2 protein chains.
Amino acid sequence: MFVSQKCQYALRAVFELARCHGQGSIKIARIAEAQAIPRRFLEVILSQLKQAGFVASQRGNKGGYFLTRPPDDLTVGEVMQFVQGPLGPVSCIVGDAKNPCPLYGNCAFLPMWKEVQKALSDIYDNTTFQDLIDQEKQKAVEGMFCYSI
Amino acid sequence: MFVSQKCQYALRAVFELARCHGQGSIKIARIAEAQAIPRRFLEVILSQLKQAGFVASQRGNKGGYFLTRPPDDLTVGEVMQFVQGPLGPVSCIVGDAKNPCPLYGNCAFLPMWKEVQKALSDIYDNTTFQDLIDQEKQKAVEGMFCYSI
DNA sequence: CTCTTGTCGACTAAATCAATCGAGATGATA
DNA sequence: TATCATCTCGATTGATTTAGTCGACAAGAG
């Protein structure tokens, strides 16, 4: 598995905030319940997302979190990159000076890794949270056609 | 980084064996040097690849390892899957009964994860070691055109 | 004032990663 | 048959990452 639990929690939390965008502050407890995320862990995650500027918060009674940007201006890739670090398959490709490939420039796998990175980027960087919301709505409509009456 | 060091070593080792396919047994030491892999660690890796049937070995003096299948019949995906486990981005998608997604069937990200898995599979399962060898040869030819006189 | 909610840093148990090591078995060859 | 290069196997290790948990504190609405 390539996407950590923490990163999945972060994405689900942001998705929940995106779904409620414009409705004011959303409480941690509500996000935790709606998206099945351990509450205390979610605190840590949201606090980091706040540092990064993806979300903002309101303290005190009636407080909570909310997105700082509209859902159609926030991509899955941005959040993932912040939580997990570079999205490439191997370190030589993301320019990690700590782990230079000893075969760099001569590695038979380099073209393949680049292909993979592009494929991932094509998906993650082109999926906004608004896309996910729309997709979910569409699915609900399809569900009505198939299962109701 | 999503592909472990060990997995990269395994791929490079198999590549080296693929490149020498048909030349009899190749010594661990030679593979280790050619592909810049820690020797003792490579022993562990090759031993596992042998368990899996990707390679076979000859003991004693003049011993070494060799591929059991021709390079055009062995994909990168097969080796990666064996070394790293399932290649999907998240556990819910690879049918991991230990980590069932608590939102399964209702998770907004599921379609995206499926897209990612397909993209990865399209690359890894369609790249054979023969492809890598050919690619390397092609590159060498281009190098002649560009830099030599 | 009080109750609800976010804030912050410290802490931890478990798993995974990336090896390393030593002793032994095998087999080609001289 | 002795030797030497090579694979074999299990144990062990240190560092890092993962996935959380906890307690005390700060802020703000009513």
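Letters A, B, ... are given to chains in the order of the sequence lines, protein chains preceding strands, and every chain is numbered from 1. Just the heavy atoms: all of them, side chains too, but no hydrogens, waters or symmetry mates, feed the values below. Bear in mind that the values here come from a model prediction, so they are computed numbers and not experimental data.
- Within residues 77-84 of chain B, no residue approaches DNA chain C, by heavy-atom distance under 4.0 Å.
- Screening residues 18-46 of chain A for ring-ring contact (aromatic ring centres under 6.0 Å, His included) gives A/Y9-A/F41 as the qualifying pairs, with residues at least two apart or on separate chains.
- Shown here are the ring-ring contact (aromatic ring centres under 6.0 Å, His included) partners of A/Y124, two or more places apart in sequence or in another chain: there are none.
- Residues satisfying the side chain to side chain contact (heavy atoms under 4.5 Å, CB included) criterion with A/T127, sequence neighbours excluded, are A/V76, A/I123, A/D131, A/L132, B/M112.
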B/S/- along nucleotides 18-30 of chain C (protein heavy atoms under 4.0 Å) is SBBBB-BBBBS--

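- Legend: salt bridge (Lys or Arg N to Asp or Glu O under 4.0 Å) pairs involving residues 80-92 of chain A, not counting sequence neighbours: none detected.
- Residues passing the side chain to side chain contact (heavy atoms under 4.5 Å, CB included) test with B/Q23, sequence neighbours excluded: B/C20, B/R30.
- Between A/K139 and A/E136 there is no salt bridge, since no side-chain nitrogen of the basic residue lies less than 4.0 Å from a carboxylate oxygen of the acidic one.
- Residues passing the ring-ring contact (aromatic ring centres under 6.0 Å, His included) test with B/F2, sequence neighbours excluded: A/F2.
- Separating the CZ atom of A/F2 from the P atom of C/dT16 is a distance of 15 Å, rounded to the nearest angstrom.
- Chain A approaches DNA chain D over the interval D/dA19 to D/dA29, counting the first and last nucleotide 5' to 3' with an atom under 4.0 Å from its heavy atoms.
- Take B/E115 and apply the salt bridge (charged side-chain N to carboxylate O under 4.0 Å, His left out) test, not counting sequence neighbours, and it matches no residue.
- Evaluation of the side chain to side chain contact (heavy atoms under 4.5 Å, CB included) rule for A/V94 yields A/P86, A/D96, A/Q117, B/M1 as partners, not counting sequence neighbours.
- Going from atom CD of B/Q8 over to atom P of C/dC17 covers 13 Å, rounded to whole Å.
- Using a 4.0 Å heavy-atom criterion, one finds that B/L46 contacts no nucleic acid atom at all.
- By the salt bridge (charged side-chain N to carboxylate O under 4.0 Å, His left out) test, A/K118 pairs with A/D122, sequence neighbours left out.
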